[in-house]
Undergrad: 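Please read through the structure below; I'll follow up with questions.
Being a predicted model, the structure only gives us computed values, none of them experimental.
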2 protein chains.
Amino acid sequence: MAETTNRGESLLFLTDEQVRKGIEAMFFAYQGFTADPDRILEGMDYGRAHHRAVHFIGRSPGTTVNNLLSILGVTKQSLNRVLRTLMEDGLVEARVGRVDRRERHLHLTEKGAALERQLSEAQRARMRAAYRAAGPQAVAGFRQVLEAMMDPAMRAHYGRLKEGGP
Amino acid sequence: MAETTNRGESLLFLTDEQVRKGIEAMFFAYQGFTADPDRILEGMDYGRAHHRAVHFIGRSPGTTVNNLLSILGVTKQSLNRVLRTLMEDGLVEARVGRVDRRERHLHLTEKGAALERQLSEAQRARMRAAYRAAGPQAVAGFRQVLEAMMDPAMRAHYGRLKEGGP
DNA sequence: ATTTTATGTCAGCCTTGTTGACTTTCCAAG
DNA sequence: CTTGGAAAGTCAACAAGGCTGACATAAAAT
């Protein structure tokens, strides 16, 4: 009976109600997650799409357009519009590939890196506060659940960031 | 020195690199989080906005328009567009308030509840799989970090869902 | 009687996603 | 060396879903 009780208890975290609460937690947390950068970007001519591009270019300097495309999960036309304005404004630089000259390798300029820092610092401040409030063990769990939630292709991208380096 | 070591180690989870990985985990996980309902909705005349409305109406039957507005964090014009189509299509019903007749209390019809179930089941399947893969302790941490990441107003809404009832 | 609140609606704008068609560049296989 | 096809860019058109501003109505509150 101890085993039965134990089994029952250990599966309580999989009840519909628990899972629903998790879904809602994701929804509300994501609002907070994007709130600070969004506030900074409003007023500038940029939006969330520009933030994403600048983030991942800053994170993987020299990445190609195609790679960025599959990380962001948007069409090249959509990304192109964003990249064009960022290049026009001198935040991003596209260098022709040396081995394959069809490829464009993307880099942040100093101005682009400055924006990246500004956005990242705001977002990291909130994330760090949440980490500190929850503690290291909670953070480990947080990361585990998020990783399990990703599509496999995205999980691969995720794993390659920094840890593996491009 | 044991204390110093301990302090140093326990703060490693707050390094910029760890925090950045958390940010990226949120980004990629959110893609997965919305992927299944999005797939179901494409082809229907509905989108993510309809999903959100249907979700929270199903979760808090009888909620008012104003309450839904502040949960979703959008303008009334934006929400109205969505609610109008849902009511025209007979998925949502707005009942005039009995005590305050200015208020509209929102309910799902059987048809609306059916859509809600379809979307919710897909989303819960992914979430449940992630929960199962990560385990109960990770799930607890996941929820803690997400709660800490929310804006206080949103955390209040979150707390009121089901646990407190509307 | 007046003001405030809850809701609905019209009109117009912006960002960011989409598809489709077409071009240019250029590596690599034949 | 020619050519097929991949990588990239561009143009046009469209849709979803945010936004603001202005205005209307009903009912509650003062």
Side-chain angles (χ1 to χ4, degrees), chain A residues 27 30-31 34-35 37-57 62-89 92-107, chain B residues 27 30-31 34-35 37-57 62-89 92-107:
Chain A
F27 173 73
Y30 203 79
Q31 287 188 171
T34 56
D38 282 357
R39 250 190 301 277
I40 292 170
L41 288 162
E42 89 178 8
M44 305 191 194
D45 284 356
Y46 304 128
R48 215 177 272 186
H50 299 83
H51 178 194
R52 291 182 197 133
V54 162
H55 174 97
F56 286 108
I57 295 170
T63 188
T64 62
V65 173
N66 248 3
N67 186 47
L68 196 51
L69 232 47
S70 79
I71 285 179
L72 296 175
V74 298
T75 60
K76 64 176 179 173
Q77 292 90 332
S78 193
L79 176 59
N80 195 256
R81 182 169 36 202
V82 167
L83 283 181
R84 199 188 321 148
T85 68
L86 289 173
M87 293 191 293
E88 279 168 6
D89 296 351
V92 167
E93 199 183 354
R95 301 183 196 154
V96 172
R98 276 172 301 184
V99 31
D100 183 338
R101 303 201 322 198
R102 288 167 302 182
E103 295 179 340
R104 303 300 140 102
H105 297 271
L106 302 169
H107 298 264
Chain B
F27 173 73
Y30 203 79
Q31 286 188 170
T34 56
D38 282 357
R39 249 190 303 276
I40 292 170
L41 288 163
E42 92 178 6
M44 305 193 196
D45 284 356
Y46 304 127
R48 213 176 273 185
H50 301 82
H51 179 194
R52 290 183 198 133
V54 163
H55 174 98
F56 285 109
I57 294 170
T63 188
T64 63
V65 173
N66 250 358
N67 186 46
L68 195 52
L69 232 46
S70 81
I71 285 179
L72 297 175
V74 298
T75 59
K76 65 174 180 173
Q77 292 92 332
S78 196
L79 176 59
N80 196 254
R81 183 168 37 201
V82 167
L83 282 183
R84 201 188 318 151
T85 69
L86 289 174
M87 293 191 294
E88 279 167 6
D89 296 351
V92 166
E93 197 185 356
R95 301 184 194 154
V96 173
R98 273 172 302 183
V99 28
D100 183 338
R101 304 201 322 199
R102 288 170 304 180
E103 295 180 340
R104 301 301 139 101
H105 297 272
L106 303 169
H107 298 264

Undergrad: Does any part of the side chain of A:Met44, heavy atoms only, come nearer than 4.5 Å to the side chain of A:Ile40, both counted from C-beta?
TA: yes
Undergrad: So, is A:Thr75 close to the C:dT18 phosphate, meaning a side-chain N or O under 4.0 Å from OP1 or OP2?
TA: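 For C:dT18, OP1/OP2 do have a side-chain N/O of A:Thr75 under 4.0 Å.
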Undergrad: How do A:Arg98 and A:Val82 order along DNA chain C: which one's closest nucleotide is nearer the 5' end?
TA: A:Val82
Undergrad: Looking only at non-hydrogen atoms, find the nearest pair between A:Gly62 and A:His105 and report the distance.
TA: O-ND1, 2.7 Å
Undergrad: Using side-chain contact (heavy atoms from CB on, under 4.5 Å) as the criterion, list what pairs up with B:Arg102, not counting sequence neighbours.
TA: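 Applying side-chain contact (heavy atoms from CB on, under 4.5 Å) to B:Arg102 gives B:Asp100.
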Undergrad: Sequence neighbours excluded, which residues qualify as side-chain hydrogen bond (donor to acceptor under 3.5 Å, both in side chains) partners of B:His51?
TA: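 In terms of side-chain hydrogen bond (donor to acceptor under 3.5 Å, both in side chains), with neighbours along the sequence ignored, B:His51 is linked to no residue.
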Undergrad: For residues B:Tyr46 and B:Val54, determine if any side-chain heavy atom of one lies less than 4.5 Å from a side-chain heavy atom of the other.
TA: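 No. Closest side-chain heavy atoms not under 4.5 Å.
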Undergrad: Apply ring-ring contact (aromatic ring centres under 6.0 Å, His included) to B:Phe56 and list each qualifying residue two or more places apart in sequence or on a separate chain.
TA: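 Result, ring-ring contact (aromatic ring centres under 6.0 Å, His included) vs B:Phe56: A:Phe27, A:Phe28.
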Undergrad: Under 3.5 Å between N/O atoms: give me all the protein pairs with nucleotides 6-9 of chain C, atom names plus distance.
TA:
from: C:dT7; atom 1: OP1; to: B:Val65; atom 2: N; distance (Å): 3.4
from: C:dT7; atom 1: OP2; to: B:Asn66; atom 2: N; distance (Å): 2.8
from: C:dT7; atom 1: OP2; to: B:Asn66; atom 2: OD1; distance (Å): 3.2
from: C:dT7; atom 1: OP2; to: B:Asn66; atom 2: ND2; distance (Å): 3.2
from: C:dT7; atom 1: O4; to: B:Lys76; atom 2: NZ; distance (Å): 3.1
from: C:dG8; atom 1: N7; to: B:Lys76; atom 2: NZ; distance (Å): 3.2
from: C:dG8; atom 1: O6; to: B:Lys76; atom 2: NZ; distance (Å): 2.2
from: C:dT9; atom 1: OP2; to: B:Asn80; atom 2: OD1; distance (Å): 3.4

Undergrad: Within this structure, what is the CZ-to-C1' distance between B:Arg81 and C:dA11, rounded to whole angstrom?
TA: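 Going from B:Arg81 (CZ) to C:dA11 (C1'), I get 12 Å.
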Undergrad: Applying salt bridge (Lys or Arg N to Asp or Glu O under 4.0 Å), name anything that partners B:Arg101, two or more places apart in sequence or on another chain.
TA: none
Undergrad: Could you state the CG-P distance from A:Leu79 to C:dT15, rounded to the nearest angstrom?
TA: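 Roughly 17 Å, once rounded to whole Å.
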Undergrad: Just jot down the side-chain contact (heavy atoms from CB on, under 4.5 Å) partners of B:Arg39, sequence neighbours excluded, or say none.
TA: B:Ala35, B:Asp36, B:Arg126
Undergrad: Measure the shortest side-chain to side-chain distance between B:Val92 and B:His107 over non-hydrogen atoms and say whether it is less than 4.5 angstrom.
TA: no
Undergrad: Only counting residues at least two apart or in another chain, list the ones meeting salt bridge (Lys or Arg N to Asp or Glu O under 4.0 Å) with B:Asp38.
TA: B:Arg48
Undergrad: Students often get this wrong, so: under 4.0 angstrom with heavy atoms, is B:Val99 touching a base, only sugar-phosphate, or nothing?
TA: sugar-phosphate
Undergrad: Which angle, to the nearest 10 degrees, lies between the helix axes at the two ends of the helix from C:dA1-D:dT30 to C:dG30-D:dC1, each defined by five pairs?
TA: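 Comparing the first five pairs with the last five, the axes sit 20° apart.
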Undergrad: Enumerate the salt bridge (Lys or Arg N to Asp or Glu O under 4.0 Å) contacts for residues 69-81 of chain B, please, sequence neighbours excluded, ordered by first and then second residue.
TA: none
Undergrad: Report yes if some heavy atom in the side chain of A:Asn80 is under 4.5 Å from a heavy atom in the side chain of A:Val65; otherwise report no.
TA: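 Side-chain contact under 4.5 Å: no.
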Undergrad: Does anything in residues 47-55 of chain B reach DNA chain D, meaning a heavy atom under 4.0 Å, and if so which residues?
TA: B:Gly47, B:Arg48, B:Ala49, B:His50, B:Arg52
Undergrad: Taking only residues two or more places apart in sequence or in another chain, which ones pass side-chain contact (heavy atoms from CB on, under 4.5 Å) with B:Val82?
TA: B:Ala49, B:His50, B:Ala53, B:Leu86
Undergrad: Contact boundaries of DNA chain D with chain A (under 4.0 Å, heavy atoms), 5' to 3'?
TA: D:dG5 to D:dC11
